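Working notes, structure below.
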Amino acid sequence: MSAPAAAPETMFRTEGLTKVYDSGLTKVHALAGVDLELYGGELSVLLGPSGSGKSTLLNILGGLDHASAGHVWFRDLELTGLGDRGLTRYRRDHVGFVFQFYNLVASLTARENVQLVTDVARDPMSPDEALEQVGLGSRMDHFPAEMSGGEQQRVAIARAIAKRPEVLLCDEPTGALDSKTGVQVLEALRDINERLGTTTAVITHNAEIRRMAHRVIWFRDGHIERIETNAERIAPADIHW
Amino acid sequence: MNALDKKLLRDFRRLWAQALAIALVLACGVAILMTTFGMYGALEDTRAAYYERNRFADVFAAANRAPDSILSEIRAIPGVRQAEARVVKHVILNVPGRLETVTGQMISLPETGAPLLNRPVLRSGRLPDPAATGEVAVNAPFAEANGLRPGDSFTANMGGRKRVLTLTGTLLSPEFIYTIGPGAMMPDAETFGILFVPARVADAAFDMQGAFNDVTLKLDPRAPEAQVIDRLDILLDPYGGTGAHGRDSQTSHSFVDAEIEQLRSTAIILPPIFFGITAFLVGMVIGRIIALERAEIGLLKAIGYSDVEICVHYLMLAGLVAVVGTLLGWAVGTWLSGALARLYAQFFDFPYLIYRVAYDAYAISGLLALASAALGAARSALHAARLAPATAMSPPAPPRFSRGLLDRALSRLRLSQPVMMILRSLMRWPVRSGLTTLGLSLAVAVLVASSFFSDALDTILDKAFYQSNRQDAMLLFSPGLRDDALQDVTNLPGVLMAEGQQFQPATLRHGHLEKDTALEARPPGADLSRIVDAAGHVIDAPPGAILLSERLAAHLEARPGDVVAIEFPDGRDEIHHLPVAGLVTQYVGLGAYVDSTTLDRLKRQSPRITAANLLIDDAALPQLHAVLKDTPELSGLVMLTRMRRSFEDTIRRNVTTMTTVYISIAMLITVGVAYNGARIQLSERARELASLRILGFTRGEVSFVLIGETMLLALLAQPLGWALGGVIASALARGSASDLYSVPLVLEPAGFARASLVVLAASLGAALLVRRRLDRLDLVAVMKTRE
């Protein structure tokens, strides 16, 4: 359980990243000038109270949302300079997402939900392989309604990794799960991170989860409050909440 | 198959009931468009090909007796390519086994055998031998209706001479696609036939050696028809020319024209209603699905699906509905076209029907179906495409209910909470409520418009047969008899009462406008055939004045008090002027009425009749017919009792079919609109309604909210539907008007009531279907579902 190799590649870099939600009457600064770097192969955990800007940052990094000001680079590609078409291309080729509420398509089986991604990705693994990776080899033909929450979230992870993304962005992946199934999901995430070297960012409210990360980024009021580097990481199995 | 397509197919399967409801509405539009458009093409193509192949003439003219020598002058008129003279006469027939007197139109065949123009198509046997004296060919429907086959014989009273004619063959002619006897309102193949005899037979029977009384012309393609007609009139004038005319005044041609025009107007007016409703329903359903799948759309975008792919995904869902609707529509349309073609075969005598599988009808109806579904889905699909992925994955903001003025007023009424829920929902989604109301009102409108047709026919029937023409039979005499012949008519067996009448072809002019029609004259106080004015009063044409039917007056732009010029085609070149004394409502024909003394004076003739109207003792019918069959002066016989009956039978049969079809259509529309509306409401309000149940409301109270809204919209749709129905009916009435007949705009309260009852009942049925789902709602599951 070591830190990533020396002089790691910078995967994401942000400069003065700002996001303002303007509801007419009030302006909410969801991000107020964030400077951050995320490194290749790193597993980072983003912590902070609700409304502190974690999800907004993740959405912008993932190309789901536009920044109001500032810059974001994915490697040498400036995301803040891309239009909708460019962002779609970027998401399709580079990013995997995992959400709190799984967001599986109810009318598709586990395999078909993964196939949604493999249909459009450039060099995907097979849906079966992706599901094997998250330990769902035996549940491939089940519909979401026939699976537990943990299983559904693992389908979502399989779907996210099937395209062999460089980055995996997870917004509260265990938020809807109990401790035991949450640990299974975290194990799947760590496993992917270690075996495939996928840069992984995990948003969570659960401070315990920070102990499995390489780095922990604390948010408050749209700013980065502090960044911690874990000298020692623990296994998901040792996390309890 | 890729995963998104699998989702598409599963979504479609899940939505089958709603999709089917929409597809059925769409199918109606497709079927009607395909049938009317297809038949329109079929009739037009068939007629054009028939005319072309059988050299249907361009100009027609009749005279009393013109010498053959004049024919070369006619052929020399610039623009005339061919001219063919013949003898055309009315004859009385005695067909074995038929009690009634049968009348026929006899046409002479040229010495060479087959005519050059209006060439008949042999259906069986052969044409009469030009040298034979006792041979005849008849139109096939007449032979069929009377069980005549080549080799059979019947007697014809030709100009007072009885001849036995032997049938050599049956045929069809482009001149008689629609074969209607003089004075008749409907074709009756049993009692009216077309006889083709060799010229020498006709010449001998009617003393027409070296002469003719009818000529038909074929013109060069770009010849000026009006000028040819003028020249021809001048040439025939000295020989009793009755006025040449083009195809537009040829009876058969104009009837087929009227039918083609009616198909065209139906094709234009009705299908858009169905396509519009489909677009609305598809928009409503896809809009709701997109609202429900908001998070999934966000996810698809997060994965990397492009806006276009998402837009296309939802458009394809609409496309599937269109495909099902189109296939159903094509199936029904194909069947309906066949049925209509069979119906046309009953009324129109074509040797063949060019109903080439009208690929364009299939293609156009299919494309319009796809376009209307796509148009309906477009707004929602574009909205889905434009959803920002981050926004899409967060739950939508709850609808904003605000307290407007109307709302405050409602609060004052102290309505129950369920009633408030219904009313607030209507105000919250005014566009959707408005469109649902519009959809239901179109169902009402379709029914109102359909009942209009049967009510209009009742009015026409009542006006024509029970108010104006109350006689049992009408005897026609051509050229006409002195009016003391009426006494002889009265003495015929079984005749209880006889009244004389005169029909004289004439050209009426007012300013630069003119119209060829027949002037009708009767003595004042005629009781069997009467003139009825717009208010329903029986009136007589005052001496020295003329009454015009409203449509004829409109043609001439003549109003009461105006003076119209009248010219008879009798070669005298006299123009008479009569003031218009009043207007008469008349739906069949373009009538012009004068007093018989006035007509005799204008024609400078002793009192004459060309028709006798009879009241008959039914018991003496056989004796009457026996005498009539031997009456050479008779040129035609209209048995009005028989005509009335067959007219009523035909109408009743068609009206029953039409009413059934339209009620089904209206129910499909209603169920399509009301069922989808209620399903969407249920989907949007499941949590609300489940909450009410948890709070202790009974099933009935909760379903009141659901059914109440549907029924309130259905009620609101009624007045709008009545108004729209009136508009559609008047468009249909206008579209059906021709020189031959017009359809009055008759809207009876019963028609409105029936339309409302059907639509309200169907709405209730649709809402109750959805209520069953409400009853099965799993309260706990619904409350747990993330909105």
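Just so it is clear, the model here is predicted, and its values are computed rather than measured. Computed from heavy atoms alone, side chains included, the values below leave out hydrogens, waters and symmetry copies. Chain identifiers are assigned alphabetically (A, B, ...) following the order of the sequence lines, protein sequences preceding nucleic acid strands; residue numbering begins at 1 within each chain.
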Do A:Gln133 and A:Arg195 get their side chains close enough for a donor-acceptor pair, meaning under 3.5 Å?
yes
Heavy-atom distance under 4.5 Å between the side chains of A:Cys170 and A:Leu168, does that happen here?
yes
Side chain, backbone, both or neither: which part of A:Ile60 has an atom under 4.5 Å from a heavy atom of chain B?
neither
How long is the gap from OG on A:Ser55 to CD on A:Gln100, to the nearest 0.5 Å?
9.0 Å
Side-chain donor/acceptor of A:Thr200 to backbone N/O of A:Thr198, under 3.5 Å
yes
Among A:Arg159, A:Lys163, A:Arg89, which has the most heavy-atom pairs under 4.5 Å with chain B?
A:Arg159
Tell me whether A:Asn59 contacts the main-chain N or O of A:Leu64 through its side chain, where contact means a donor paired with an acceptor under 3.5 Å.
no
Using a cut-off of under 4.5 Å on heavy-atom pairs, state which of A:Asp84, A:Thr88, A:Leu169, A:Leu116 scores highest against chain B.
A:Leu116
Indicate whether the side chain of A:Ser50 and that of A:His205 have a donor and an acceptor atom separated by less than 3.5 Å.
yes
With respect to chain B, which residue among A:His94, A:Arg111, A:Arg91 yields the maximal number of heavy-atom pairs within a distance under 4.5 Å?
A:Arg91
For B:Glu293, which atoms come within 4.5 Å of any heavy atom of chain A: side chain, backbone, both, or neither?
neither
Honestly, the part of A:Phe99 sitting under 4.5 Å from a heavy atom of chain B is side chain
Look only at the side chain of B:Ser683 and the backbone of B:Arg679, and say whether a donor-acceptor pair between them is shorter than 3.5 Å.
no
Testing the 3.5 Å rule here: is there a donor-acceptor pair between the side chains of B:Glu709 and B:Ser425?
yes
Residue-level contacts of residues 7-19 of chain B with chain A, using a heavy-atom cutoff under 4.5 Å
B:Lys7, B:Arg10, B:Asp11
Check whether A:Arg85 gets within reach of chain B through its side chain, its backbone, both or neither, counting any heavy atom under 4.5 Å.
neither
Let me confirm one number: the CD-CG distance from A:Glu172 to A:Leu177, rounded to the nearest 0.5 Å.
11.0 Å
Atom OG1 in A:Thr14, atom CG in A:Leu36: separation rounded to 0.5 Å?
5.0 Å
Within-4.5 Å side-chain heavy-atom neighbours: B:Thr436 and B:Phe280
yes
Does A:Leu46 reach the side chain of A:Ser44, with side-chain heavy atoms less than 4.5 Å apart?
yes
Quick check: under 4.5 Å, non-hydrogen atoms only, which of residues 310-327 of chain B neighbour chain A?
none
To check you understand the geometry: which heavy-atom pair defines the closest contact between A:Ser52 and A:Phe219, and what is its length?
OG-CB, 3.5 Å
